[in-house]
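Here's the structure, in structure tokens; my notes come after.
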Amino acid sequence: LHVLATSRQPLDVAGERLLPVPPLPIPAPDEPRVPGCGDAVDLLLDRARAVTPGLELSSAEEAAAAELCRRLDGIPLAVELAAVRLRTLTPAQVLARLDDRFELLRHPRPAAPERHWTLRATMEWSYDLLEPEQQLLWGRAAVFAADFDLPAAEHVCADARLQPGAMLDTLTALVDRSILDVRRHPDGPRFDMLETIRAFGRQRLEASGERLTLPRRHRDWYARLAAAASVEFARADQVDGFNRLAVEHAELRAALAFCGRTPGEEPVGVAMAADLWLYWEARGHLGEGRRWLARLLPACSADSRERARGLGVAGYLALAATDLDTARPLLEEALGSGRRLNEPFVVAFATQYLGLATLFEGDLDAAGRLLREAAALHREQDPGLSAFAMADAGIAALFARSYQAAAEAFADSLALNEGRDPWTRSHALWGLGLLRWLTGSPKQAARLQQEALRLMRAVDNRSGVALCVEALAWLAASDQGWERAARLAGAAEAVWRSIPAQPPAPLTPFREGCIVPARRAMGEPRWAAHYGEGLALTRSQAVALALGEPTARPAERSEQPPGLLRSPLTRRQQEVAALVAEGLTDREIAARLVISPRTAESHVEQILTRLGFRSRAQVAAWVSANSPAAVTHAETRHSDH
């Protein structure tokens, strides 16, 4: 006897074989619909046309319908209830009202069970079938912004009412009842829930009187995680620390958001953002780190330890984005605060990056003195941080043509960093590779640069990758490998743009020493063609090219959306950025693109994060600078020079 049964949970009988029924497939954001990947959209349109015969949607309205299905997680009942609303509303208007999906998505149908009349009734029906501790965990687990692991659940959700020892069984019960989904991860299982289920859980959490208690526990857990990871930034397991933070990025953001919206919690948020200082740069989140600190720092008291550290990290992040005008005053204020408060780490940190700012400004002797002073201050606390300062001191000496001093500084850095973090080792090898090149050992220089690049690939740091690819372009040009030099120069420029940052000013003579003779030898058309090939590469393709590894064929230029050259933005984000440049508000952008104002606001926020900007004016300037006409003009002017 074979029985095919559907249920919200397993029957748990002998011989049972489970076939999970997931939500309907939905197209990925910014991707066209292909057969089999848009069943939720097909259902929405089919049901909408059943109640509104002759309904036709424009391509923009179909895009809004796809976004609507994504926001509804592809849940069939939610999609069907949304389809009823298309009788009187456009897809974009339904999207704009989804903040209260439980009020919006309701349609009494006498022929159907009551739990199918509204989305809320379905959630309440499922909730009422749970045991009390399972109901409690549903609400508490909704405090997580995305997927979470068992230790997080035990620390955030457990208390006298829900013991840590019972957490695994309760989580398993919610997985069995289709409230939670479990995903396999190398570090252990992670639990997640659909956004609709999470939204209902948050309403239950709000009603339970734990509106502040659970978010604070959540924040404390992830603040401890950030503090623990920061200890590893100058150690051998640095990359593991970055990877753990990357997995929890959505939760880190949610914890910082709690600090930002809860009076009195801002200093904890500043400390947390400061603990993440190297992660913000390493994994391409410079703009986000800067914005959190700009938002939280004003609420910190002037003489607090948190403010002193926060100022130093804000200055460091501005410097990493080559925003020297912002970086220097922040670092100077941090240095003064660190001295007043007797905070040795803040003093050493601010001194180090004031030294780097001075290096970028071209005062090489002063930069060397500050960097050596910082190395001495760090050495008393953390030899790993001292090693990085010594590598920068070596670079200052190198640019000043003090080759013996540079060699000694690089050797000192490598010795201090022995067995420690790969980022510092890569940085020292990069400087040592330049030294070998400038002193007549190009083959050894190339080996050192490629070793540095392999380390940076493991760290996944964009600025480090850009520096190494740049250096290999210079080496190729010095060996008259013009085509390789042009491709590598274009690839390096693409990585700089993705940060986004400009190459530090001291690199300009080396860049011109590569670009000018290559352009002259190749001629403008050939140079532009090979440079364009490099510019079209992804970061991983750029690394492979520089290391002599096989690479996939670069994307054709015609695949790029019109208006902007290759950029770190998706197609939709480029459209939104262009409208921002026109001066449109979020609401006006939403109307133009037929999306909800909230979605438009989200796109603008993501654009600011990806570009590392803090204002719409900066986005407008970036659009202008990266339009084809502007780039052509800039390249022509450089060629004339």
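Just so you know, these numbers come straight off a predicted model, no measurement behind them.
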Can you give each donor-acceptor pair under 3.5 Å made by side-chain atoms of residues 218-229, sequence neighbours left out, with the distance rounded to 0.1 Å?
unit_1: His218; atom_1: NE2; unit_2: Glu251; atom_2: OE1; d: 2.8
unit_1: Arg219; atom_1: NH1; unit_2: Glu265; atom_2: OE1; d: 2.7
unit_1: Arg219; atom_1: NH2; unit_2: Glu265; atom_2: OE1; d: 3.1

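- Between Glu281 and Arg462 no salt bridge is recorded (no basic side-chain N to carboxylate O distance below 4.0 Å).
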*Show your working on side-chain contact (heavy atoms from CB on, under 4.5 Å) between Arg204 and Glu124 and close with a plain yes or no.*
CA-CA 10 Å; Arg204 291 294 172 174; Glu124 289 175 345; 3.7 Å; yes
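- Side-chain contact between Leu44 and Leu86: present, with at least one pair of heavy atoms (C-beta onward) separated by less than 4.5 Å.
- Interatomic distance, Glu154 CD to Leu162 CG, rounded to the nearest 0.5 Å: 10.0 Å.
- For the pair Arg261 and Glu266, the salt-bridge criterion is not met [side-chain N within less than 4.0 Å of a carboxylate O].
- For Arg244, the side-chain hydrogen bond (donor to acceptor under 3.5 Å, both in side chains) partners two or more places apart in sequence, or in a different chain, are Glu232.
- The distance from atom CD of Glu248 to atom CG of Asn243, rounded to the nearest 0.5 Å, is 12.0 Å.
- A donor atom on one side chain and an acceptor atom on the other are found under 3.5 Å apart for Ser463 and Asn461.
- With hydrogens and angles ignored, the 3.5 Å screen pairs no side-chain donor or acceptor of Glu62 with any backbone N or O of Ser58.
- Residues Leu296 and Leu256 have side chains in contact (heavy-atom distance under 4.5 Å, counting atoms from C-beta outward).
- With Gln238 contributing its side chain and Phe233 its backbone, the two residues share a donor-acceptor pair below 3.5 Å.
- Distance alone, capped at 3.5 Å, places no donor-acceptor pair between the Trp277 side chain and the Gly312 backbone.
- Distance check, rounded to the nearest 0.5 Å: CG of Leu579 to CD of Gln574 gives 12.0 Å.
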Under 3.5 Å, side-chain donor or acceptor atoms of residues 166-177 against the rest of the protein: list the pairs with distances, not counting sequence neighbours.
unit_1: Thr170; atom_1: OG1; unit_2: Ala166; atom_2: O; d: 2.8
unit_1: Thr172; atom_1: OG1; unit_2: Leu168; atom_2: O; d: 2.8
unit_1: Arg177; atom_1: NH1; unit_2: Ala173; atom_2: O; d: 3.1

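- Shown here is Asp100, whose CG atom has more than 12 heavy atoms of other residues, nucleotides or ligands within 6.0 Å.
- Without hydrogens or angle criteria, Gln541 side chain to Thr538 main chain gives a donor-acceptor distance under 3.5 Å.
- At distances below 3.5 Å, not a single donor-acceptor pair connects side-chain atoms of Ser426 with backbone N or O atoms of Pro422.
- Under the 6.0 Å cut-off for aromatic ring centres, Phe191 and Phe144 do not qualify, their centroids lying 6.0 Å or more apart.
- With Thr262 contributing its side chain and Cys259 its backbone, the two residues share no donor-acceptor pair below 3.5 Å.
- Closest approach of Pro189 to Val182, counting heavy atoms only: CB-CG2, 3.9 Å.
- Arg85 places a side-chain N or O within 3.5 Å of a backbone atom of Leu104 that can act as its donor or acceptor partner.
- For the pair Arg190 and Phe148, the cation-pi criterion (under 6.0 Å, within 45° of the ring axis) is not fulfilled.
- In plain terms, the two heavy atoms of Arg283 and Ala246 that are nearest each other are NH1-CB, 4.1 Å.
- Nearest heavy-atom pair, Ala320 versus Leu286, reported as atom, atom and distance to 0.1 Å: CB-CD2, 3.7 Å.
- Trp138 and Phe200 have tilted rings, their planes meeting at an angle from 30° to 60° on a 0 to 90° scale.
- Under 3.5 Å, the side chains of Glu288 and Trp292 contain a donor-acceptor pair of N or O atoms.
- When the side-chain hydrogen bond (donor to acceptor under 3.5 Å, both in side chains) test is applied to Thr196, the partners found at least two apart in sequence or on another chain are Asp73, Arg101.
- With sequence neighbours left out, His185 forms a side-chain hydrogen bond (donor to acceptor under 3.5 Å, both in side chains) with no residue at all.
- The residues Glu195 and Arg198 are annotated as salt-bridged, a charged nitrogen and a carboxylate oxygen being separated by less than 4.0 angstrom.
- Distance check, rounded to the nearest 0.5 Å: CG of Leu130 to CD1 of Ile179 gives 5.5 Å.
- When every heavy atom of Asp159 is checked against every heavy atom of Arg161, the shortest pair comes out as OD1-N, 2.9 Å.
- The number of heavy-atom neighbours closer than 6.0 Å to CZ of Arg235, taken from other residues, nucleotides and ligands shown, is 12 or below.
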_Audit row: Leu455, Val459, side-chain contact (heavy atoms from CB on, under 4.5 Å) steps and yes/no_ = CA-CA 6 Å; Leu455 290 168; Val459 173; 5.6 Å; no
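- In this structure, Ser126 contributes its side chain and Thr122 its backbone to no donor-acceptor pair below 3.5 Å.
- The distance from the OG1 atom of Thr213 to the CZ atom of Arg140 is 8.5 Å, given to the nearest 0.5 Å.
- The shortest distance between side-chain heavy atoms of Asp382 and Phe345 does not fall below 4.5 Å.
- The pair Arg120-Glu103 counts as a salt bridge, with a side-chain nitrogen and a carboxylate oxygen less than 4.0 angstrom apart.
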*Is there a side-chain contact (heavy atoms from CB on, under 4.5 Å) between Trp423 and Val239 once you walk through the steps?*
CA-CA 9 Å; Trp423 190 333; Val239 174; over 6 Å; no
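- Partners of Tyr279 according to the side-chain hydrogen bond (donor to acceptor under 3.5 Å, both in side chains) rule, which considers only residues two or more places apart in sequence or in another chain, are His249.
- Put simply, the side chain of Asp237 never gets that close to the backbone of Asp240: no donor and acceptor are under 3.5 Å apart.
- Taking the side chain as every heavy atom from C-beta outward, Ile607 and Val576 approach each other to under 4.5 Å.
- Arg49 places a side-chain N or O within donor-acceptor distance of the main-chain N or O of Leu55, the cut-off being under 3.5 Å.
- The two residues Val156 and Leu214 have their closest heavy-atom pair at O-CD1, 3.2 Å.
- In terms of heavy atoms, Ala78 sits closest to Leu72 at O-CD1, 3.7 Å.
- Atom CG in Leu77 sits 7.0 Å away from atom CD in Glu80 (nearest 0.5 Å).
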*Start with the C-alpha distance between Arg290 and Arg295, add both sets of side-chain angles, then the distance that settles side-chain contact (heavy atoms from CB on, under 4.5 Å), and finish with yes or no.*
CA-CA 9 Å; Arg290 294 180 71 184; Arg295 177 177 171 183; over 6 Å; no
